[in-house]
Amino acid sequence: MTSSPSNTYEKIYQLVQCIPAGSVATYGDVAHEVDTSPRVVGNALHANPDESTIPCHRIVNHRGALAPHFAFGGFPEQQRRLESEGVAVMASRVDLTKYRHRFHK
DNA sequence: GCTATGACCTAAT
DNA sequence: AATTAGGCCATAG
């Protein structure tokens, strides 16, 4: 097969863009889908801070909060975006039990 | 090709 | 509850 070596990031971007509005996903879930480690997922998003193409605000950590290193508008901006899509943010966190998007099933 | 780094995760202290 | 340590994998120098 003619597989490119750097397909990892591509898969991550595809999966992130596949997340519907009003839902969030954790780095670990995405990592499990693309069969890689959560670190690569975070690195992939940071390497491509293209919010116009990749809704990074829908990616949260396993606690339901975005990474403290968010380099765009900061927590307020990110929170505004999530609420704008129908996700309730409480204490800079979202209820993973409610908004956690499932790729499988 | 080895070393260092990173938007993480989990467990132990 | 907060901090430390280890694991993880891909990219950059």
Side-chain angles (χ1 to χ4, degrees):
Chain A
M1 288 63 77
T2 57
S3 315
S4 303
S6 51
N7 263 28
T8 312
Y9 279 29
E10 293 293 319
K11 292 187 208 168
I12 296 170
Y13 300 141
Q14 289 291 321
L15 205 60
V16 173
Q17 293 174 21
C18 194
I19 300 172
S23 300
V24 296
T26 67
Y27 292 94
D29 284 354
V30 177
H32 186 71
E33 279 296 304
V34 302
D35 194 53
T36 188
S37 68
R39 289 208 103 110
V40 179
V41 178
N43 267 340
L45 295 175
H46 191 206
N48 281 47
D50 193 347
E51 49 180 314
S52 303
T53 322
I54 303 164
C56 359
H57 56 275
R58 288 185 196 151
I59 308 299
V60 295
N61 59 20
H62 82 286
R63 280 176 87 185
L66 201 80
H69 302 282
F70 198 67
F72 295 127
F75 265 72
E77 180 66 21
Q78 195 272 334
Q79 176 177 348
R80 186 187 67 78
R81 284 192 172 192
L82 288 177
E83 291 188 337
S84 183
E85 296 192 343
V87 179
V89 181
M90 302 176 185
S92 303
R93 282 185 216 173
V94 299
D95 293 0
L96 289 177
T97 62
K98 286 184 170 184
Y99 300 106
R100 192 179 186 181
H101 170 69
R102 301 181 180 179
F103 298 103
H104 265 1
K105 184 178 85 57

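Numbers restart at 1 for each chain; the letters A, B, ... are given by sequence-line order, proteins then strands. Atoms considered below: every heavy atom in the structure, side chains included; atoms not considered: hydrogens, waters and symmetry mates.
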*Taking all non-hydrogen atoms of both residues, which atom of A:Ala44 and which atom of A:Ile12 are closest, and how far apart?*
CB-CD1, 3.6 Å
*asked:* What is the distance, to the nearest angstrom, from the CG atom on A:Leu66 to the P atom on B:dA7?
replied: 12 Å
_Tell me the interatomic distance from A:His46, atom NE2, to C:dT11, atom P, rounded to whole angstroms._
16 Å
*Can we say A:Glu83 and A:Arg80 salt-bridge, meaning some charged N sits less than 4.0 Å from an Asp/Glu carboxylate O?*
no
Is there any protein nitrogen or oxygen under 3.5 Å from a nitrogen or oxygen in nucleotides 10-13 of chain B, and what are the pairs?
none

_Spacing of A:Asn48 atom CG relative to B:dG6 atom P, expressed in whole Å_ = 17 Å
*A:Ala31 versus A:Ser37, closest heavy-atom pair with distance*: CB-C, 3.6 Å
*asked:* Take a 6.0 Å sphere around NE2 of A:His32 and say whether it holds more than 12 heavy atoms from other residues, nucleotides or ligands.
replied: no
*What is the distance from CD of A:Glu10 to P of C:dA10, rounded to the nearest Å?*
15 Å
_Rounding to an integer number of Å, can you tell me how far A:Ile54 CD1 sits from B:dA7 C1'?_
12 Å
*Check every atom of C:dC8, C:dT11, B:dA7 against the side chain of A:Tyr9 and return the nucleotide holding the closest atom.*
C:dT11
*Expected output: side-chain A:Arg81 to main-chain A:His57 donor-acceptor under 3.5 Å*: no
*asked:* If you assign each of A:Thr26 and A:Val40 to its closest nucleotide in DNA chain B, which residue comes earlier from the 5' end?
replied: A:Val40
*What integer distance in Å separates A:Arg63:CZ from B:dA7:P?*
17 Å
*asked:* Assuming nearest nucleotide by heavy-atom distance, tell me which of A:Pro38 and A:Asn43 is located more 5' along DNA chain C.
replied: A:Pro38
*A:Leu45 CG - C:dC9 C1' separation (whole Å)*: 15 Å
*From the list C:dA10, B:dA7, C:dC8, which nucleotide is the closest neighbour of the side chain of A:Thr8?*
C:dA10
*Measure the distance from OH on A:Tyr27 to P on B:dG6 and round it to the nearest whole Å.*
15 Å
*Rounded distance [0.5 Å steps], CG in A:Leu66 versus OH in A:Tyr27*: 5.0 Å
*asked:* Under a plain distance cut-off of 3.5 Å, with no hydrogens placed, do A:Tyr13 and A:Asn48 share a side-chain donor-acceptor pair?
replied: yes
